[in-house]
There are 4 protein chains.
Amino acid sequence: MSPRKVDKAARRKEILTAAVKLFASKGFAATRIDDIAAEAGIAKGSVYLYYDSRDALLEAAFEAYRAMSADIFDRAVNGPGPALERLAGLVHSVLDVLAARREPARIMVDLWAASRDAEKSPVDMAAVYGDARAAVAELLRQADKEGALRAGVSEHHATVIVGALEGCLLQCLVDPGLPATELAEPIIQVCLEGLRRPAA
Amino acid sequence: MSPRKVDKAARRKEILTAAVKLFASKGFAATRIDDIAAEAGIAKGSVYLYYDSRDALLEAAFEAYRAMSADIFDRAVNGPGPALERLAGLVHSVLDVLAARREPARIMVDLWAASRDAEKSPVDMAAVYGDARAAVAELLRQADKEGALRAGVSEHHATVIVGALEGCLLQCLVDPGLPATELAEPIIQVCLEGLRRPAA
Amino acid sequence: MSPRKVDKAARRKEILTAAVKLFASKGFAATRIDDIAAEAGIAKGSVYLYYDSRDALLEAAFEAYRAMSADIFDRAVNGPGPALERLAGLVHSVLDVLAARREPARIMVDLWAASRDAEKSPVDMAAVYGDARAAVAELLRQADKEGALRAGVSEHHATVIVGALEGCLLQCLVDPGLPATELAEPIIQVCLEGLRRPAA
Amino acid sequence: MSPRKVDKAARRKEILTAAVKLFASKGFAATRIDDIAAEAGIAKGSVYLYYDSRDALLEAAFEAYRAMSADIFDRAVNGPGPALERLAGLVHSVLDVLAARREPARIMVDLWAASRDAEKSPVDMAAVYGDARAAVAELLRQADKEGALRAGVSEHHATVIVGALEGCLLQCLVDPGLPATELAEPIIQVCLEGLRRPAA
DNA sequence: TATGAATGAGGCTTCATTCAT
DNA sequence: CATGAATGAAGCCTCATTCAT
């Protein structure tokens, strides 16, 4: 509201951006508060004016990731057009995001590691994937209502679709040589076409 | 004359087992050498008689994982029977291993994190997934020779299959509530049936 | 805005002084970083804000010693008056410094030890003695030009003069009972008078 | 006496030789018991059958050095011929020993460091130099009795002569490029000729 | 609000010494 | 006597966090 507020929020974001960049490139474990401060162009102590701790920065990075992910999935669920096409579009979206900003995406490996102990850590990737599965399941239900699916499509298929997406993403993260965008169509073919009701 | 008798190889394995257990439950970053020593029932300094450093233990864990993984894929590639059935068996194997020893499997998130900088780290998950893709691609080629595949199956499909497998695995790791074994059939349906040549 | 104000150079010097004191009294090998910090009245970790490592402190001590040594020798070489008198003054200077601050001087034994492997160690006493020999040789050349020397005075005599100086110093260091200052005249008599051109 | 005794003494000497070699080349601080054992061709634990501790090995090295030094000086004091010639011979002996076995001689820098705290350490270089000064003083007294000295030669001259010897030795140790043997004559000229009674 | 010097707990690793065989 | 695996105390160094300015 007040101009100060704006500054503060902007500064928070700058710091988070710096942190994410470094977490992605060197990993959370190897990223020092000094590094983040330097990257953000501020003094080390100032970081603590905006974030309570180093862990809080990872958590913030997680929240940003979660928001972005939720946004993509929500758009697919609530968008216009046939459900299966929206699902296909979702696959493209995810991989396009990855391809466009491959480096920042590498932060995910640290998010996975941080979400190991679901109780203690505020980084809860289980929830993210749960949401993703729910969204895909909803899309499948919509497609079913539209009469687009063959019989026998279950919840587990949503898990497999999310798995294929994340599994391809994982391979791309770990092996920068892989062409993320090119994988969208194969994923769609493999995961979606098999579920489609055969054209009469 | 006869020095204290110990099976160095066995002791090495004990220590590695202890380390893997802890890496899996608390994470590599949170696991102290003292913890490992205590878990293995030896003194802290003794760990260094068998491993050069804490990192070396993670590397050893990786090698063990890699060997196990390679073994499963090799068996599928070189086994008897129709290629597509061997591929289906492979999917079951991977998920059964995960289900049987879910906790130790959680070490993978640290292996992903450790393989971030492919040059510096000896933990090279890219190679593991490269091998996995090659194995699946080989199985697809075999299936094609057997006339079991529809036309248009490419290398990328191998990536998608490996992705679906690893992506389901990832979800299981992150969300212990998911039933790993039950995912095998959906994966097979989604990933393999769509590639099969339609029965004439 | 105005950060905590400290004179970093002064703090560096304080730490070095503390380190030298301890190196001298207990020896480098027996001196802990904690000891140095305590002596300097700061926390252990703070030492590392000013010096990269324990070795760096010994190196700094060496540089200080080298500078002081070079200063004494330079002053003798470039000073006014007959060269042989400047040489005699040099002998007095060296021993006076030793007598005045005998304890700190004991750091030299560690400098000798540290300069053992000339390639790896930045502590290069060989260079210090080389410089000392060069300075004395220059003084002898000057004395020769002044016609003050007998014939046959060679480079090796510079080595012997430096040797007598350092050898007396060594004895004083090792045996605190020896009276450093009293040795100046005997050194001068023995080392310099024998080189003087007999009065015609 | 018993054959065992002979073996034991021989083994002790082997270990000491190995230790001295390593102390000389890497320094006492950098020499591990494992290194010594390996160099001596025995197991690490066996070192302790012959020496009580690592420090005891340095002490033994010191004793050997002290014995050798005492031997050289004693021979000069008790030998035949004019005292000044025996003193000159002594200078040659010391430098010849250094030249012949320059590497092992480097152990002296560690002996100096170890004798820092004269009370606690059994390595007592002060005593060695005290003995050396006493021996040279005795030689000067003998020379005086023989009427070979000019008037006014004092105890301090012995200190200077020992100093010149040790100081040259120090320079040779620290700077392997210096020709030890060539320094004998200059030392003799500088240190002894000046003390000689002028030929009538 | 911003700074950056200071802190000190904590981790990894080394290595002299011991001791069961 | 000999071995070498095991021990564990100790030291160096790092770095998240604090706080005086």
Side-chain angles (χ1 to χ4, degrees), chain A residues 4 7-8 11 29-38 40-57, chain B residues 1-8 11-12 15 29-37 40-57, chain C residues 1-8 11-12 29-38 40-57, chain D residues 4 7-8 11 29-38 40-57:
Chain A
R4 284 286 171 217
D7 278 350
K8 181 140 185 173
R11 184 62 62 93
T31 300
R32 312 282 149 245
I33 291 285
D34 304 65
D35 301 332
I36 296 169
I42 61 174
K44 172 163 52 163
S46 303
V47 172
Y48 287 87
L49 297 175
Y50 297 89
Y51 290 94
D52 281 345
S53 69
R54 184 164 159 274
D55 284 341
L57 276 161
Chain B
M1 280 302 161
S2 75
R4 194 181 292 197
K5 187 71 174 303
V6 278
D7 186 337
K8 293 203 65 159
R11 184 59 61 92
R12 255 184 82 91
I15 294 171
T31 300
R32 310 287 147 238
I33 288 285
D34 306 64
D35 301 334
I36 297 171
I42 61 177
K44 174 170 39 168
S46 303
V47 173
Y48 289 89
L49 297 175
Y50 296 89
Y51 291 93
D52 281 345
S53 68
R54 186 163 155 276
D55 283 342
L57 276 162
Chain C
M1 278 301 161
S2 73
R4 194 180 293 197
K5 186 72 174 303
V6 279
D7 185 340
K8 294 204 63 158
R11 185 56 62 93
R12 254 183 84 89
T31 300
R32 311 283 146 244
I33 288 284
D34 305 66
D35 300 333
I36 297 171
I42 60 176
K44 175 171 38 168
S46 303
V47 172
Y48 289 89
L49 297 176
Y50 296 90
Y51 291 93
D52 281 345
S53 68
R54 187 164 153 274
D55 283 341
L57 275 161
Chain D
R4 283 287 171 214
D7 276 352
K8 181 139 187 177
R11 184 61 63 92
T31 300
R32 311 282 150 245
I33 291 285
D34 304 64
D35 300 331
I36 296 170
I42 61 176
K44 172 163 52 164
S46 304
V47 172
Y48 286 86
L49 297 174
Y50 296 90
Y51 290 92
D52 281 346
S53 70
R54 185 164 159 272
D55 283 340
L57 275 161

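Here is how names work: the chains are called A, B, and so on, in the same order as the sequence lines, proteins then strands, and each is numbered from 1. What you see below is based on every heavy atom in this structure, not just the backbone, and it leaves out hydrogens, waters and symmetry mates. This one's a predicted model, so the numbers in the text were calculated from it and none came from an experiment.
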Report task. Nearest 0.5 Å please: distance from the OG1 atom of Thr31(D) over to the CG atom of Leu57(D). Result -> 10.0 Å
Report task. Hey, which sits more toward the 5' end of DNA chain F by its nearest nucleotide, Val47(D) or Thr31(A)? Result -> Val47(D)
**Report entry** Short side-chain N/O contact from Tyr50(A) to OP1 or OP2 of dT1(E), under 4.0 Å
**Finding:** no
Report task. Ignoring backbone atoms, test whether Tyr48(D) places a side-chain nitrogen or oxygen under 4.0 Å from the OP1 or OP2 oxygen of dT3(F). Result -> no
Requested in this report: Would you indicate, yes or no, if dC1(F) has its OP1 or OP2 atom less than 4.0 angstrom from a side-chain nitrogen or oxygen of Arg11(D)?
Outcome: no
**Report entry** Dot-bracket line, read 5' to 3' along DNA chain E, where crossing pairs take [ ] and | marks a partner on another strand, Watson-Crick or G-U under 3.5 Å
**Finding:** .||||||||||||||||||||
Report summary line: Rounded to the nearest 0.5 Å, the CD1 atom of Ile36(D) sits from the CD1 atom of Ile42(D) at a distance of 9.5 Å
Report task. Please report, rounded to the nearest Å, how far the C1' atom of dG4(F) is from the CG atom of Asp34(D). Result -> 10 Å
Report summary line: Comparing Gly45(C) with Gly45(B), nearest DNA chain E nucleotide closer to 5' gives the residue Gly45(C)
Report task. Take the protein atom CG of Leu49(D) and the nucleotide atom C1' of dT18(E), then report the distance between them rounded to whole Å. Result -> 12 Å
Query raised in the report: What's the CG-C1' distance between Asp55(D) and dA16(E), to the nearest Å?
Result: 10 Å
Query raised in the report: What integer distance in Å separates Asp7(C):CG from dA6(E):P?
Result: 11 Å
List, one per line, each side-chain donor-acceptor pair under 3.5 Å for residues 45-53 of chain D, sequence neighbours excluded.
unit_1	atom_1	unit_2	atom_2	d
Tyr51(D)	OH	Arg12(D)	O	3.1
Ser53(D)	OG	Asp55(D)	N	3.4
Ser53(D)	OG	Ala56(D)	N	3.1

Query raised in the report: Between Arg32(D) (CZ) and dT13(E) (P), how many Å, whole number?
Result: 17 Å
Query raised in the report: Rounded to the Å, how far apart are Arg54(C) CZ and dT14(F) C1'?
Result: 17 Å
**Report entry** From dG8(F), dA5(E), dA16(E), nucleotide with atom closest to Ile33(D) side chain
**Finding:** dA16(E)
Query raised in the report: If we only count heavy atoms from C-beta on, is the Arg54(B) to Arg32(B) side-chain gap below 4.5 Å?
Result: yes
Requested in this report: Round to the nearest Å and state the distance from Lys44(A) atom NZ to dA16(F) atom C1'.
Outcome: 8 Å
Report task. Would you please confirm or rule out a distance under 4.0 Å between OP1 or OP2 of dT7(E) and any side-chain N or O of Ser46(C)? Result -> yes
Query raised in the report: Whole Å only: how far is the OH atom of Tyr51(A) from the C1' atom of dA16(F)?
Result: 17 Å
Report task. Kindly say if Lys8(C) contacts the phosphate of dA5(E), meaning a side-chain N or O under 4.0 Å from OP1 or OP2. Result -> yes
